[in-house]
Novice: 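Got a structure for you, questions after.
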Amino acid sequence: TQSRSSAASDVYKRQSLYPNPFNNSLTLKTTLNNHIDSIELYDISGRIVLTKTEINASSKMLNLEGLTSGSYFVKITTNKGTITKKIIKY
């Protein structure tokens, strides 16, 4: 069986976010038979600023035009696990 840390590493490697830093939109993509279930976007204070659920797709483009410039964390839940990545809006 696969160890928990290597499983988490696999989930991390199978996600891509681009562009980062971004201006108005951000694309999230997963590979290898993964699909995105939900996305949560947090500001630097830990407040949720966006939630998308029931996505069930291998990619998702987010329109983030209304966000102010700064650092954010995006939590991506897939059918293989959950990861959090830092993103920057300029």
Side-chain angles (χ1 to χ4, degrees):
T1 62
Q2 196 172 31
S3 75
R4 185 168 209 161
S5 62
S6 67
S9 177
D10 285 349
V11 170
Y12 189 83
K13 286 187 266 187
R14 293 178 182 172
Q15 310 303 315
S16 62
L17 302 169
Y18 57 89
N20 190 16
F22 67 96
N23 186 15
N24 291 325
S25 65
L26 180 70
T27 300
L28 295 79
K29 188 173 266 191
T30 186
T31 59
L32 298 174
N33 300 321
N34 289 345
H35 63 265
I36 300 167
D37 292 326
S38 66
I39 299 166
E40 293 177 342
L41 188 67
Y42 298 85
D43 66 13
I44 201 75
S45 302
R47 290 181 299 233
I48 294 179
V49 295
L50 176 77
T51 301
K52 297 280 185 185
T53 59
E54 299 180 20
I55 297 167
N56 199 23
S58 61
S59 68
K60 177 72 175 170
M61 195 277 292
L62 300 175
N63 180 349
L64 302 173
E65 192 172 349
L67 292 180
T68 57
S69 297
S71 296
Y72 295 87
F73 294 95
V74 61
K75 180 179 172 184
I76 306 163
T77 302
T78 73
N79 59 311
K80 303 287 184 183
T82 301
I83 62 159
T84 302
K85 291 187 176 186
K86 182 177 180 181
I87 56 174
I88 299 170
K89 179 170 184 186
Y90 61 88

Novice: Could you tell me whether the side chain of Tyr42 reaches within less than 4.5 Å of the side chain of Leu50, counting heavy atoms only?
Specialist: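 No, their side chains stay 4.5 Å or more apart.
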
Novice: Give the minimum heavy-atom separation between Ser58 and Asn34, together with the two atoms involved.
Specialist: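 Shortest heavy-atom separation between Ser58 and Asn34 comes out as CB-O, 4.0 Å.
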
Novice: Measuring from atom CG of Leu67 to atom CD1 of Ile87, what distance do you get when rounded to the nearest 0.5 angstrom?
Specialist: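 CD1 of Ile87 is found 7.5 Å from CG of Leu67.
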
Novice: Compare every heavy atom of Lys89 with every heavy atom of Glu65, then report the nearest pair and how far apart it is.
Specialist: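 Heavy atoms of Glu65 and Lys89 come nearest at O-NZ, 3.0 Å.
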
Novice: For the residue pair Phe22 and Pro19, what are the closest heavy atoms and their distance?
Specialist: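 Heavy atoms of Phe22 and Pro19 come nearest at CB-O, 3.3 Å.
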
Novice: From Ile83 CD1 over to Thr78 OG1, what is the distance, rounded to the nearest 0.5 angstrom?
Specialist: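 Going from the CD1 atom of Ile83 to the OG1 atom of Thr78 covers 7.5 Å.
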
Novice: How long is the span from the OG atom in Ser71 to the CD1 atom in Ile88, to the nearest 0.5 Å?
Specialist: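 Going from the OG atom of Ser71 to the CD1 atom of Ile88 covers 4.5 Å.
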
Novice: Quick one: does any side-chain atom of Asn20 pair with a main-chain N or O of Lys86 as donor and acceptor, under 3.5 Å?
Specialist: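 Yes.
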
Novice: Are Leu17 and Ile76 side-chain neighbours, meaning at least one heavy-atom pair lies under 4.5 Å?
Specialist: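 Side chain of Leu17 against side chain of Ile76, heavy atoms only: contact under 4.5 Å found.
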
Novice: If I take atom CG from residue Leu26 and atom CG from residue Leu28, how far apart are they, to the nearest 0.5 angstrom?
Specialist: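 So the gap between those two atoms works out to 5.0 Å.
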
Novice: Working to the nearest 0.5 angstrom, can you tell me the gap between Lys75 NZ and Lys85 NZ?
Specialist: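 Nearest 0.5 Å value for the NZ-NZ distance: 15.5 Å.
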
Novice: Could you state the interatomic distance from NZ (Lys52) to CG (Leu41), rounded to the nearest 0.5 Å?
Specialist: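 The distance works out to 11.0 Å.
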
Novice: Using side-chain contact (heavy atoms from CB on, under 4.5 Å) as the criterion, point out the one residue from Asn56, Thr51, Ile55 that pairs with Thr53.
Specialist: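 With Thr53 as partner, Asn56, Thr51, Ile55 yield a single side-chain contact (heavy atoms from CB on, under 4.5 Å), made by Thr51.
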
Novice: Closest heavy-atom contact between Lys60 and Ile39?
Specialist: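 Minimum heavy-atom contact is CG-CD1, 3.9 Å.
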
Novice: Counting only heavy atoms not in Asn33, do more than 12 sit closer than 6.0 Å to its CG atom?
Specialist: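 Result for CG/Asn33: open.
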
